[in-house]
Amino acid sequence: MPSMASRYSQRPSGPDDDKRRSFKDGRRALLEQRRSLPIASVAEKLVEHVKKSDTLVVIGETGSGKTTQLPQFLHSAGFCKGGMMIGITQPRRVAAITVATRVAEEMGTEVGKEVGYSIRFEDVTSPVTQLKYMTDGMLLREALLDPLLSKYSVIVIDEAHERTIHTDVLFGLLKGVQERRKCAGFSHIHDNKLNSIGQNTAAEKQVAVVSNGHSLFRKSTGPLKLVVMSATLDTKGFCDYFNGATAVYVQGRQFPVQIFYTYTAEADYLEAALLTTFQIHMEESLGDILVFLTGQEEIESMERLLRERATHLPETALKLLVVPIYAALPSEHQMRVFQPAPVGARKVILATNIAEASLTIPGIQYVIDPGLVKARAYNPHTGVESLAIVPVSKAQAQQRSGRAGREAPGKCFRLYTEDSFAKLDDTTVPEIKRCNLANVVLQLKALGIDDVLGFDFMDKPCRTTIVKSLEHLYTLGALNDEGKLSDPLGFRMSRFPLEPLYAKAMLVSSEFGCSKEMLAAIAMLSVESLFYTPRDKIKEANNAKKRFASQDGDHITFINVLRIYSLEVDEGQRGGDVDSSTLDRRASKKTEKVIRNWCTANYINGRSLRRAIDIRKQIQGHMESMGLPIISCGEDMLVFRRCLAASFFLNAARRQLDGTYRALSSRQTVSIHPSSVLHGKKPECVVFNELVRTNRSYIRSITQIDSLWLPELAPQYYAALDLANPTQRSLQS
DNA sequence: GAGCACTGC
């Protein structure tokens, strides 16, 4: 092996190194700890800025204390007077929970009292809550019910640099709310008034009606203050977008991380990562290694290679413990990264992007970064989403190297040259420019924003993407001829926390009399990696799946999983219906074990199943609140399949003479994915829920239908042409 | 007969 010095040039200084050397703070009183945070010295300045301007941009690095402290400063400064709240958004659920818990402790209260959090399936707030931490998506849902966000005096958007799709929509939305709340004194809640500002949404009307129950007038909630907190230095972008807002910098507290680059480009980054791992292992002092890879498959092969080559290590060398982590891995296996390496061993963690920001693994001293990431891309012309391996951005590379400096000074080995680093994009392309926007457009319409193309996006998505989404929503009937949200269809669809197509399917199913079955199918379609197939047990896993399989297809197979789970695990305690929260409450350790064993024996990912059960319960709640009945079609699966055809007619495919399939709306040639129960069964006509592009185009989540159902159930889309002839064009354009 | 980064409602 070449020596470390020959493989890497060391960069003497840079943005990752100039972070202040932290001190060991030991166990001090909470208050003292708070006072010692870098942000404490600028507390007054921050409060003054929020008081005098509409929007403040706070740039703070890791460890500045901005997330926990700033809301408390604002609270002390009186921003919660008169029953108003401060809302703080986070991109992830865990962050909302952990930060709220920490702040509650600092304020000497319990979570759910003055400090609370609100995330999907879990609202831990009460009427006395003043600081509310929540996911960004949750605030968007709240805006549907209260478009002026009248309960909030301040909204803090944290981790704004991550630019989640929800954060980006909130940006434009909150700017609008600020404008509308500027009217001082009393505001007249009336349809005319609402019309005049173009925000006459059904939800707002409801609010008005409720308010009108007492008075025609409602006290104005005063101006809405906005604080945008970000870690990157894209200050200008944020400040320009928020009408020249001031930016305040807050120093972070991180240990320095030395950055190394290769002298030449690496032809094979896996091999380079492998070599570097062993070099660190042989030459560097104790401390765990974190390697960023692009996906499960890559992690699995790297794992094999490392184990194999580790056997050639000298007898006297430290042992090397290899631990993989990625989102689809069942939680039992994920937990292994948090266990400290045994004495006499060094841990190597092979991770996807999950270790970049979503979870923090203790003990990391070395980071190996090949500089690549698997990212979603969207082609608005074909409507196909795909995943591709692309170079990371500079900001991402910095975030990755930072993972080595959480507890002590660390080192980061970038498997590319310093020149290549210089050529990387500064920041990652925001998600809103990389995916299908059907749901975003539906939500905007429901918020009363009719001119979606003219919406004030910080980064405008491609025009074609928006137009495609509008067309899609029109086809589904969510929009009327004027492009406005239809009533009740579009309005109801916007209430479901689902993709528009799935929301429509729920509504269609209540007419077909199979909403109970559709509820189960949609819940299962909403979770990923339900079946767990470890590489060394593919046969066993496939056999286990057979007991759930339906010859009609994957949708009924999904329903069978839930059915059999209820029968065998829940034992019909609640009449065959279960939800995981009631399970949690009453589950003794023993029941938990029964559930876990059942999942393991059936090669099912317990986390995914639990989530599907939660989603089912939530969607059922929405159905009931709309007065839509939950009806079962019993054993008559023909009804259910016809309902699938009526709902997913846009995703129909027919077998061609050569055995491949032709997607009827996009005219693409596709194949049935081998993970489908219909693979190899050669059905003549199917509906599908996913089109994934890898080496070929595959359709997944498929159910067999009769091709004659299409012109019958979707006459507006399919003409009653000669569907029996596969070569004939069967779609009207 | 194959492979799906990560979030979120």
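Because only heavy atoms are used, hydrogens play no part in the values below, and waters and symmetry mates are left out as well, while side chains stay in. Here is how names work: the chains are called A, B, and so on, in the same order as the sequence lines, proteins then strands, and each is numbered from 1.
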Side chains of residues 519-534 of chain A: which donor-acceptor partners sit under 3.5 Å, not counting sequence neighbours?
{"unit_1": "Ser526(A)", "atom_1": "OG", "unit_2": "Ile522(A)", "atom_2": "O", "d": "2.7"}

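Backbone-only engagement by Thr135(A) is indicated by non-hydrogen atom pairs under 4.0 Å involving sugar-phosphate atoms exclusively. Counting non-hydrogen atoms under 4.0 angstrom, Arg93(A) reaches the backbone sugars and phosphates but no base. At a threshold of 4.0 angstrom between heavy atoms, the contacts of Ala375(A) with the nucleic acid are absent. Here Ile615(A) lies out of heavy-atom contact (under 4.0 Å) with every strand. When heavy atoms are screened at a 4.0 angstrom cut-off, Tyr698(A) is found touching the sugar-phosphate backbone but no base atom. At a threshold of 4.0 angstrom between heavy atoms, the contacts of Arg120(A) include nucleobase atoms, whether or not backbone atoms are also involved. Using a 4.0 Å heavy-atom cutoff across all strands shown, Ile538(A) reaches at least one base atom of the nucleic acid. Residue contacts for Glu162(A): at a heavy-atom cut-off of 4.0 Å it reaches no nucleic acid atom on any strand shown.
The pair Arg307(A)-Glu303(A) counts as a salt bridge, with a side-chain nitrogen and a carboxylate oxygen less than 4.0 angstrom apart. Salt-bridge check for Arg655(A) with Glu684(A): failed, with every basic side-chain N at 4.0 Å or more from each acidic carboxylate O. For the pair Glu142(A) and Lys132(A), the salt-bridge criterion is met [side-chain N within less than 4.0 Å of a carboxylate O].
If Leu498(A) and Leu387(A) are placed on DNA chain B by their nearest nucleotide, the residue sitting closer to the 5' end is Leu387(A).
Between Phe648(A) and His555(A), the angle of the ring planes stays under 30°, which puts this pair in the parallel group of the 30/60° scheme.
Close approach of DNA chain B to chain A, defined as any atom under 4.0 Å from a non-hydrogen atom of the protein, starts and stops at dG1(B) to dC9(B).
For the salt bridge (charged side-chain N to carboxylate O under 4.0 Å, His left out) criterion with Arg92(A), the lone passing option out of Glu159(A), Glu162(A), Glu356(A) is Glu162(A).
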